[in-house]
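Here's the structure we're looking at; comments come further down.
Every chain is numbered from 1 and lettered A, B, ... according to where its sequence line falls, protein lines coming before strand lines. What you are looking at is a predicted structure, and each value in this text was computed from that prediction instead of being measured.
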Amino acid sequence: MIVFLSMVLGCTPGDYWYFRTDGVDLPVRVEGNLDSGVVLLMLHGGPGGSSVDYNLGLDTELIEAEYAVAYYDQRGQGGTHGSYEISRYSVQQVADDNANLVQALRARYGEDTSVWLYGHSWGGMLGTATLLDTDADVDGWIESAGSHDYPLNDTYTAEMLAAVAAEELDAGGNGYKPEWSDIQRRVERILEDGEISNNESMSLNGMAFDAESYVDLAEGAYGDESVIGYLLRNPTARATAWWSGLNGGYYLNEDAQTISYTDRLDEIEVPSLFLYGDRDFVCPAPLGQDAYDRVSTDETAYIVYEDAGHSLMVNRPREYANDLIEFVATYR
Amino acid sequence: MSALLMAASLALAAPKKNAEPLVWNTSYVAQGLRPGFKIGLDYPLAESRKVRDSRRPGKKTVRRALVVEPSVMAWHHWGNHTPITAGAQLIYRKGFGNGRHRELFVGQGATYAINAGRTYSFDDSGELQGSALAGNLMSATSVGFGLGRDLSRRKKGGPDLTWYVRPTATIWAPYNSGVAPVLTIELGVRRAWSQR
């Protein structure tokens with residue numbers, strides 16, 4: 001009983017709290033330099049992921065030394081609790097949560113806090129949705145290997161897989177000849193009929209992750225925290241999060257499958273930074289170029305990291321963190 | 001399930017001849033590595049004993065019982081939540097002459113899971129308000145099995161206790177847009193069955 005009570009009353013690192021909105025309790029952990037007056041609201045990947053997976057690594061340590069980062073789990077994913085109707089579960093609902101959370105961050109840390117959306121992968125879709133379809137008052141936008149247009153993303157992924165498979169096979173396959181041949185055959189079949197179905201989209205996503213493991217990526221560097229230390233302070237119930245994410249991820253993916261924000265990117269007027277990896281098959285770099293060309297602000301940058309994949313912050317942590325820190329410092 | 005538990009509750013309320021003293025059990029509960037406890041009341045509804053021929057020389061006694069166990073359980077998931085469950089389990093228990101027992105059970109209860117840290121929300125006037133006890137109420141439906149042994153039968157002068165272990169699968173509902181499966185293991189002691 002004593003052990004139990006001591007653990008209940010124990011502290012968690014950072015400023016840890018829940019935000020209740022529209023039937024859900026979202027866990028929020030704010031770590032880093034709150035004195036900077038800047039909070040980056042991390043929108044994790046997925047759907048079905050968790051923000052704690054981003055609260056690790058050298059890039060995180062460098063960014064948190066300069067700014068505060070608010071790690072939160074999106075509705076139905078990670079460590080969220082609550083009860084809400086599946087029929088309302090959508091990209092729009094999660095974007096509304098983001099907008100409310102931006103407001104909560106300012107209410108908690110000061111109305112003059114500079115709040116930026118910082119989305120990776122699936123978080124790129126949500127950040128764009130938040131900017132375009134809610135009244136969120138944010139100071140800037142960082143899209144890291146993000147997907148703001150699923151159909152276009154599928155096309156770029158298929159094109160990149162086909163091109164790299166051909167290159168690799170011409171060069172002998174680099175030890176993965178059967179794998180590249182299989183990818184080439186499957187992509188050709190998907191591209192044959194011109195239209196990419198939901199199942200084909202999922203298949204391309206799987207091939208994209210596989211392909212990334214067949215190419216050479218920059219080794220990167222790790223932070224001071226050990227993986228064991230990270231796991232011990234990680235409050236997410238992995239099995240429950242997996243189950244919840246599987247369920248929720250299905251519905252969100254279904255909803256996102258036809259969402260294309262490309263034609264509306266010119267409505268974005270806040271400072272916008274686009275960070276991509278040149279070896280990212282999952283969300284290929286041309287997505288970032290597209291966004292960079294279309295946003296209606298001169299306060300923008302598009303950076304592609306060499307030999308970096310979908311987890312570009314792991315492959316190029318120092319360059320990644322420095323570019324992000326510098327951009328925010330310039331336009332905060 | 002509800003009907004079964006209602007029947008059990010009625011039986012519990014009915015006057016019994018030769019009523020046995022109430023037997024409390026206490027257990028350590030773990031959900032993964034997360035610690036907790038459970039306190040319950042072991043109340044037999046019906047019981048039978050049969051003496052059979054054993055494969056070994058002599059006879060063996062098999063004891064069967066239907067038991068209801070109202071209980072309160074809590075465990076703490078650091079940085080996530082503290083679920084507190086009040087409910088009852090209906091247990092079918094079979095005991096053997098060597099002091100071992102096996103059991104199967106189903107349970108129904110209500111869980112209130114208190115969020116870790118404070119929970120903030122905007123009130124009607126647009127102010128951000130925090131609460132330390134905010135959480136979520138869910139139904140908790142469980143199923144599991146148990147194994148244990150009467151320590152007083154192991155050697156003469158052994159403690160008048162039975163230890164038991166119960167792996168349990170629980171479904172919380174509603175949880176987010178669906179349900180959540182939760183696995184726990186219970187390591188507990190109660191007054192030895194042979195002494196009752």
Side-chain angles (χ1 to χ4, degrees), chain A residues 1 3-29 52 75-89 100-101 103-108 232-241 243-248 250-251, chain B residues 26-39 73-84 111-123 125-139 169-184:
Chain A
M1 186 74 85
V3 172
F4 178 76
L5 285 174
S6 67
M7 293 193 75
V8 171
L9 299 172
C11 295
T12 52
D15 186 19
Y16 189 80
W17 44 285
Y18 273 82
F19 177 54
R20 176 166 287 184
T21 180
D22 197 10
V24 71
D25 293 344
L26 308 168
V28 184
R29 186 203 300 255
V52 291
R75 176 182 291 267
Q77 298 163 65
T80 65
H81 309 303
S83 167
Y84 47 91
E85 291 170 27
I86 192 72
S87 58
R88 289 186 55 230
Y89 192 29
N100 292 334
L101 188 47
Q103 209 181 335
L105 288 168
R106 285 220 178 81
R108 191 149 165 70
L232 286 176
R233 73 184 177 94
N234 184 340
T236 305
R238 287 282 170 179
T240 311
W243 171 264
S244 220
L246 198 69
N247 184 30
Y250 172 80
Y251 287 96
Chain B
T26 308
S27 43
Y28 169 80
V29 174
Q31 198 266 328
L33 295 171
R34 295 143 205 154
F37 66 89
K38 181 176 173 183
I39 295 170
M73 176 175 76
W75 42 268
H76 177 62
H77 182 166
W78 173 84
N80 194 316
H81 59 185
T82 304
I84 301 166
T111 296
Y112 184 70
I114 302 168
N115 293 335
R118 291 180 77 82
T119 299
Y120 291 89
S121 58
F122 286 107
D123 64 15
S125 62
E127 293 292 312
L128 193 67
Q129 301 291 348
S131 163
L133 292 175
N136 292 280
L137 186 64
M138 300 168 283
S139 85
T170 303
I171 296 289
W172 279 344
Y175 187 89
N176 284 328
S177 58
V179 300
V182 180
L183 298 176
T184 51

Spacing of [X] atom [atom1] and [Y] atom [atom2] [to the nearest 0.5 Å]:
{"X": "B:N115", "Y": "A:F19", "atom1": "CG", "atom2": "CZ", "answer": "13.0 Å"}
{"X": "A:Y84", "Y": "A:D22", "atom1": "OH", "atom2": "CG", "answer": "10.0 Å"}
{"X": "B:N136", "Y": "A:D25", "atom1": "CG", "atom2": "CG", "answer": "4.5 Å"}

Item to check | Options B:G117, B:A173, B:S121, B:A113, ranked by heavy-atom pairs under 4.5 Å with chain A, top entry | outcome: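 Ranked by contacts with chain A, first place is B:S121.
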Next on the checklist: Heavy-atom pairs under 4.5 Å with chain A: which of B:Y120, B:Y175, B:W172 has the most?
Outcome noted: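 Sorted descending by pairs with chain A, the first entry is B:Y120.
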Checklist entry - Can you say whether the rings of B:H81 and B:W75 are parallel (under 30°), tilted (30 to 60°) or perpendicular (over 60°)? => result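 Judged by the thresholds at 30° and 60°, the geometry between B:H81 and B:W75 is perpendicular.
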Next on the checklist: Between A:R75 and chain B, with a heavy-atom cut-off of 4.5 Å, which part of the residue counts as in contact: side chain, backbone, both or neither?
Outcome noted: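 Contact with chain B is absent: no heavy atom of A:R75 under 4.5 Å.
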Item to check | Proximity breakdown for A:S83 and chain B, heavy-atom pairs closer than 4.5 Å | outcome: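 Its backbone and side chain both get close to chain B.
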